[in-house]
Protein chains: 2
Amino acid sequence: MQLPQKDANTLGSDHRRPKIEQLHTMSKPETRIQQRNRAAILSAGLEIFSQFGLRGSTLDQIAEAAGLSKPNLLYYFKSKDAIYTALLERLLETWLDPLQKMDANGDPIKEILGYVHRKLAMSKDYPRESRLFANEILQGAPHIANHLSQDLRQLVDEKAVVLKEWEAAGKIAPIDPHHLVFSIWAMTQHYADFDVQVRAVLGDKDPFEDAMTYLDTLFRRMLTPPKP
Amino acid sequence: MQLPQKDANTLGSDHRRPKIEQLHTMSKPETRIQQRNRAAILSAGLEIFSQFGLRGSTLDQIAEAAGLSKPNLLYYFKSKDAIYTALLERLLETWLDPLQKMDANGDPIKEILGYVHRKLAMSKDYPRESRLFANEILQGAPHIANHLSQDLRQLVDEKAVVLKEWEAAGKIAPIDPHHLVFSIWAMTQHYADFDVQVRAVLGDKDPFEDAMTYLDTLFRRMLTPPKP
DNA sequence: CCTCACTTTGACCGAATGGTCAAATTAGAC
DNA sequence: GTCTAATTTGACCATTCGGTCAAAGTGAGG
């Protein structure tokens, strides 16, 4: 239920940098203790922030969940906001990944359905991450607004071109590619973000299997080109 | 941008009652001042809560938005939570309405598309209400959990039966009715709840017209029964 | 075992926040 | 106008919260 941690040997990805700077050292690699405690804090932060949002969460809650004292938290991250921001940054890479993997050279319908499948799997396996993200967007995305209009927009525009090419080649029925992407996001994330509601309506039966079947059918019917 | 206020003459709907009880009087009708100030507080509360959530909003913010002093707020609502709860209750009626209106005796595809249309219109016209609701669900629906598993579940189950009948009569292609409803919720509310993201990707062009076209196409293709 | 940098924490602080209250002001019935 | 109940508010309180700091503790290399 954890996002796959980046290998510690990976060269300083942009999200670890600020944490290091904020320690008293600048260049030394992380000690075992640092790794353990940073990981514990991020994990605890994810748990708490995804439940209560940024303002709704307290350092004491996070500290307790991480098994550390509050001043000790602030030894590793310089503020509550820093923990939240670090989480969001780590999350963003992971979030774009499934769409990035959609291959322009693959079979169109298979590629799109593959994306839907990966995205639904993320809702199932990383619901806390999904809710953290949803919360941030709901509040107007104050911490990642620029990321959305840069990286995200560019990626979606790229894929929209691919979708339009598939359409022009008669491989998929005509659609608005941007709204296609929105609908995939909406329906897959719904099962993580609105989990309580879904389960309230369905009873306790696990929704994800039927959801996948449903989404598969939906996109097949919508995208299969009309017979000539 | 306001939910249609219930007529003041309507006999005490369940959502006005608690406010009255909390005043010093028990049975007298609301004075003009009460009506004005309650409305101002609820309107301000909607504005603030939908932006910052329950814990993220402060009484001072709401008081300022309502043009009242903080103690005066608490003269009309006995706590911050009471304002929030009153808003949620008022919202719930409105939220179920579009689904309720789906007519078992109408033309199936037209009825379903009509529901989609009404729901999308609500996202466009009442985005604050949508976000307030989304926020509540995201946090685990602590204030309305029981409403979800009672009223909402019952309503959806009823409509699921209707959808299955339509399917049996060959009027729509076979689908899982519950997930059909979920997908309508997800895709329509997405345009209110994830508005920032949608606009970041699309630029400032208004999303709703294209969204309606897209959703219309999507559901038509998915629901139109295969030719015999 | 000593040392020194790294780590941890108890005590504390100022600001923000939800809420109270008694006193002042105002609206409306007569 | 007068009286009463409804309304409004400034001052205040207790608690929570994010964050600081100096001091204490600890681990690892020599």
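Naming: A, B, ... by sequence-line order, numbering from 1 per chain.
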- Message: If the cut-off is 4.0 Å, is Gln34(A) near the phosphate of dC6(C), judged by side-chain N/O to OP1 or OP2?
- Response: no

- Query: Is the NZ or CZ atom of Arg55(A) both under 6.0 Å from the centre of the six-membered ring of Tyr84(A) and within 45° of that ring's axis?
  - Reply: no

- Message: Which residues pass the ring-ring contact (aromatic ring centres under 6.0 Å, His included) test with Phe133(B), not counting sequence neighbours?
- Response: Trp95(B)

- Note on the structure: Whether each nucleotide of nucleotides 18-30 of chain C has a protein heavy atom under 4.0 Å at its base (B), only at its sugar-phosphate (S) or at neither (-) is summarised, 5' to 3', as BBBB------S--

- Between Tyr191(A) and His179(B), ring centroids under 6.0 Å: yes

- Message: Check Asp210(B) with Lys205(B), please: is the shortest side-chain N to carboxylate O separation under 4.0 Å?
- Response: yes

- Rounding to a whole Å, what distance do you find between Ile62(A):CD1 and dT16(D):P? 18 Å

- Item | For His147(B), all residues meeting ring-ring contact (aromatic ring centres under 6.0 Å, His included), sequence neighbours excluded | none

- Rounded to whole Å, the OH-C1' distance (Tyr76(A) to dT8(C)) equals 8 Å

- Task: In whole angstrom, give the distance that lies between atom CG of Leu73(A) and atom P of dT9(C).
- Result: 10 Å

- Item | Cationic tip of Arg131(B) above Phe49(B) ring, under 6.0 Å, 45° of axis | no

- Message: Looking at Asn37(A), I'd like to know whether one of its side-chain N or O atoms comes within less than 4.0 Å of OP1 or OP2 on dT8(C).
- Response: yes

- Message: Is the phosphate of dT9(C) approached by Asn72(A) (side-chain N or O, under 4.0 Å from OP1 or OP2)?
- Response: yes

- Task: Determine: side-chain N/O of Tyr75(A) to OP1/OP2 of dT9(C), distance under 4.0 Å, yes or no.
- Result: no

